There are 2 protein chains.
Amino acid sequence: MGKGVETRERLLDIAETAILQKGFGGTSIEELIAEVGITKSGFFYHFRDKNQLAHTLLQRHLERDEAILNNIFGRARDLTDDPLHTLLVGLKLMAEMMADLPDGHPGCLVTTYCYNERLFDQELRNLNRQGVEAWRIRFRGMIDDINARYPPREDIDPDQLADMVSTVIEGGIVISKVLRDPALLPQQILLLRSYIRLLYSPGREFDS
Amino acid sequence: MGKGVETRERLLDIAETAILQKGFGGTSIEELIAEVGITKSGFFYHFRDKNQLAHTLLQRHLERDEAILNNIFGRARDLTDDPLHTLLVGLKLMAEMMADLPDGHPGCLVTTYCYNERLFDQELRNLNRQGVEAWRIRFRGMIDDINARYPPREDIDPDQLADMVSTVIEGGIVISKVLRDPALLPQQILLLRSYIRLLYSPGREFDS
DNA sequence: GCAAATCTGTACCGCGGGTACAGTTGTCGA
DNA sequence: TCGACAACTGTACCCGCGGTACAGATTTGC
């Protein structure tokens, strides 16, 4: 890794932490360069402006996030062939991962950007949306596989159920942070898991 | 309503909208006074500084929120004496209210403040937490009433289930906004409702 | 008609985002 | 060993914004 790339990554790390704690408008370039130990000119060598920093940051975040999800549900698929079990195991692994974060989840850029939307251009808002759409597609695929084998106890729209994963994670992060209770996020993921298990549990399948 | 109170309320309205779209640090006093039509001196007559504006805003938000929830679940209680029905009807009413918002939900200050926490003092962060704790207490009470009459199909911690309401609402607002789909938030609330119905549905109550 | 509430006007400070551009330092291959 | 390029530093400047400090004007209510 070259020296430039390293500085750039450190800049991105510090910027991400700061933005999650103070929002985009509340984060100054000056504080970032002070922490990295470069000058303002150095910052503008790496990024055209603050907006491009935001763009790069979100892109990196979404890529990492996808890699993590691929890892989790890849491991889940290694453990079982059953699509329902795969999702349930995956959610369990996800909850365990969240529970292992020592200081709790630091926050998600998607939510921060959502509540800073008017500071960004259309392109960045679209990138954020595509990130959430990718989650929907991922979980929608898994739910389709489950529905193909198990009859749900209620007639639920698969897109809505897929979006519920994103909803519980983003909401869980917020409530967990506000209450300063790191355990809350994994608990909420396990409640979602409980819902899915109940939804596909056998018994009284054909009651109207 | 006096002239001063009216100006103050308009200032708060405009500030709330701006902060939900641009975050606290991204919202300038200058833009607020420009829209209200007063001078900077006028602003500082009403609020000591930006921080006090944030405080007043959150307090107002939490009070209004409590009034709305009282109204919704009050109406639900008028319709039925059964605690499970009350919660299910209340969630239905809440979903309908969210669906009736023409431009979708504008966002929740609790989440914005959560992702701007380092811009605020301890007192404001505590106020935010107390708001979420009030939600927990409210829903925890309703869940206790349900548990006293119905055996849940799974052994769920009542506090966690209560927090799931907050989680789904805050998360639903975020995902709804990012995807620009106002229908998503009410749908997610109805999924939560579906979970609670399944959790307390009769049949196979005593399977281990 | 007087006091208090509700502002306006003016002047000022320092920080932060951003622009512009010239100069410096280290690395690496020909 | 030299030169090109990456990765910066240094300096100077502009303007918007948060905030301070007042003094003065206008409106409202009793």
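Convention: sequence-line order gives letters A, B, ...; per-chain numbering from 1. Note that the structure is predicted; figures quoted are calculated from it, not measured.
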Task: Any Thr7(A) side-chain nitrogen or oxygen under 4.0 Å from OP1 or OP2 of dC8(D) - done: yes
Open item on the list: When you measure from the side chain of Arg149(B) to the backbone of Pro83(B), do you find a donor-acceptor pair of N or O atoms at a distance under 3.5 Å?
Closed with: no
TODO: Measure the distance from CZ on Phe47(B) to P on dT20(D) and round it to the nearest whole Å.
DONE: 15 Å
- [ ] Measure from NZ on Lys50(B) to C1' on dG19(D) and round the result to the nearest Å.
- [x] 11 Å
- [ ] Return yes if the base of dG19(D) and the side-chain atoms of Lys40(B) contain a donor-acceptor N/O pair under 3.5 Å, otherwise no.
- [x] yes
Task: Rounded distance in Å - CG (Leu119(A)) to P (dG17(C)) - done: 12 Å
- [ ] Please determine if a side-chain N or O atom of His46(B) lies less than 4.0 Å away from the OP1 or OP2 oxygen of dC7(C).
- [x] yes
TODO: Please report, rounded to the nearest Å, how far the C1' atom of dT24(C) is from the CD1 atom of Ile38(A).
DONE: 16 Å
- [ ] Salt-bridge test for Glu96(A) and Lys92(A): reply yes if a basic N is under 4.0 Å from a carboxylate O, no otherwise.
- [x] no
Task: Distance test, side-chain N/O of Tyr45(A) to OP1/OP2 of dA7(D), below 4.0 Å - done: yes
TODO: May I have the distance from Glu31(B) (atom CD) to dC15(D) (atom P), rounded to whole angstrom?
DONE: 21 Å
Open item on the list: Nearest to the side chain of Ser28(A), heavy atoms from C-beta on, is which of dT9(D), dA21(D), dG16(C)?
Closed with: dG16(C)
Open item on the list: Please report the distance, rounded to the nearest Å, between CG in Asn51(B) and P in dT20(D).
Closed with: 12 Å
Open item on the list: Distance to the ring centre below 6.0 angstrom and angle to the axis at most 45 degrees; does that hold for Lys177(A) and Tyr115(B)?
Closed with: yes
Open item on the list: Could you tell me if Asp145(B) and Tyr150(B) have a donor-acceptor pair between their side chains, going purely by distance under 3.5 Å?
Closed with: no
Task: Closest to side chain of Ser41(B), choosing from dG17(C), dG10(D), dC22(D) - done: dC22(D)
Task: Minimum-distance nucleotide (side-chain atoms of Phe44(B) versus dG10(D), dT20(D), dG9(C)) - done: dT20(D)
TODO: Rounded to the nearest angstrom, tell me the gap between atom CZ in Arg8(A) and atom P in dC8(D).
DONE: 11 Å
Task: Ser176(A) (side chain) donor-acceptor with Asp181(A) (main chain) under 3.5 angstrom - done: yes
Task: Gap between atoms CZ and C1', on Phe120(A) and dG17(C) respectively (whole Å) - done: 15 Å
